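Working notes for the structure below.
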Amino acid sequence: MERVYNFSAGPSMLPETVLKKASEQMLCYEDSGMSVMEMSHRSPVYEKIITDAESLLRQVMNIPDNYKVLFLQGGASTQFASVPLNLLRKSKKADYILSGQFSTKAYKEAQKYGDIAVAGSSKDANFSFVPKTDKNSFRADADYVHICFNNTIYGTKFPYIPDTGDIPLVADMSSCILSEPIDVSRFGVIYAGAQKNMSAAGLTVVIIREDLLGFAREDTPTMLDYKVMADNGSMYNTPPTYCIYIAKLVYEWILSLGGLEKMKALNEKKAKLLYDYLDSQDYYTAPVEKESRSMMNVTFVTGDADLDKKFASQASDAGLKNLKGHRSVGGMRASIYNAMPYEGVEKLVAFMKEFAQNNPKY
Ligand SMILES: *Cc1c(COP(=O)(O)O)cnc(C)c1O
């Protein structure tokens, strides 16, 4: 069977060249005589894989030397607890901007551990935009400010990096990491589940400024203590070895294309094709404010739940998979991460035009 265009929000498409390389090396990695899956994580051959993965990620994202890179497990959702456990280190206060479902989950989890406030929310507008904030939006003694940089479910993205002054900014970048260059030095912690833009599910990458290490609450589970993980080179226990290997192949793929500047240009081109079409007609509506539009997750509706259902089902028959919107939002969502080829978006727009023609609303 031919490969389809998979618009899933995650796990999502991986670059075909990465999958091919992995399949070539599936039975026998280089001259090890075994699959990466079968290797001891302490073996020299695997040590090189994880070390290379880290240095490639540092190169791709231009990560400053005073930041640690951690390869962890438990998904971004585990970070919702790890962040407060490690970072509520002085006042035990933290401020959260609520821009969607994941930031709300993070906020609720953090409430178990400290005095957590909302520094901005677009909940009343069904998260159709990213709240604006300035320095005064945050409590001066907050230990950190948390944001979700790209809102996977609603299809919005921060059009700005909040100015938090000296307060460390923590960002969930699960669905936008590696989609464009980002100034890492503006953040105290960046975390991302890998299954959107980086690897298979099972790996979570944490990038943390060194001065924020070593403050975990005493009752923090060892596995969630950033310092323990940093001191052990992400090998306190068995890391998600195969996912890290796939991530390494993805970093190599990004470098081979020309790095994140190039990746951004490719992503902008794809997103523009889709948004330009959405703006040019009135059969479909894009429900989020223009300024907050995500380059990775594009949401749209026909305004008729039955038509939306028909759309997703007929698109699937045409090889355009997983376009149904998140169950909490409805409508459609096209996730067009790094690995989605331009042709996939061209096919989607052609299908949208055809569907609109064949299914008049009145
Ligand atoms: C997918 C996603 C999550 C949840 O990730 P898990 O790895 O399933 O825990 C959290 N935040 C964002 C922004 C996401 O896109």
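Treat the numbers as computed from the prediction; the structure is a model and nothing was measured. Atoms within a ligand are numbered from 1 in the order they appear, just like the ligands themselves. Residue numbers count from 1 along this sequence.
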Do K196 and F102 meet the cation-pi criteria used here (NZ or CZ under 6.0 Å from the six-membered ring centre, within 45° of the axis)? yes
Exam field: side chain T299 to backbone Y154, donor-acceptor pair closer than 3.5 Å: yes
Which protein residues come within less than 4.0 angstrom of ligand 1, counting heavy atoms only? G75, A76, S77, F80, F102, C148, N150, T152, D172, S174, S175, Q195, K196
Any residue meeting salt bridge (charged side-chain N to carboxylate O under 4.0 Å, His left out) with K353, in chain and number order, not counting sequence neighbours: none
Determine whether a donor-acceptor pair (N or O, by modelled atom type, separation under 3.5 Å) exists between the side chain of D141 and the backbone of S91. no
Side chain of T220, backbone of D225: donor and acceptor closer than 3.5 Å? no
Using the ring of each side chain (for Trp, its six-membered ring), is H146 parallel, tilted or perpendicular to Y191, with breaks at 30° and 60°? tilted
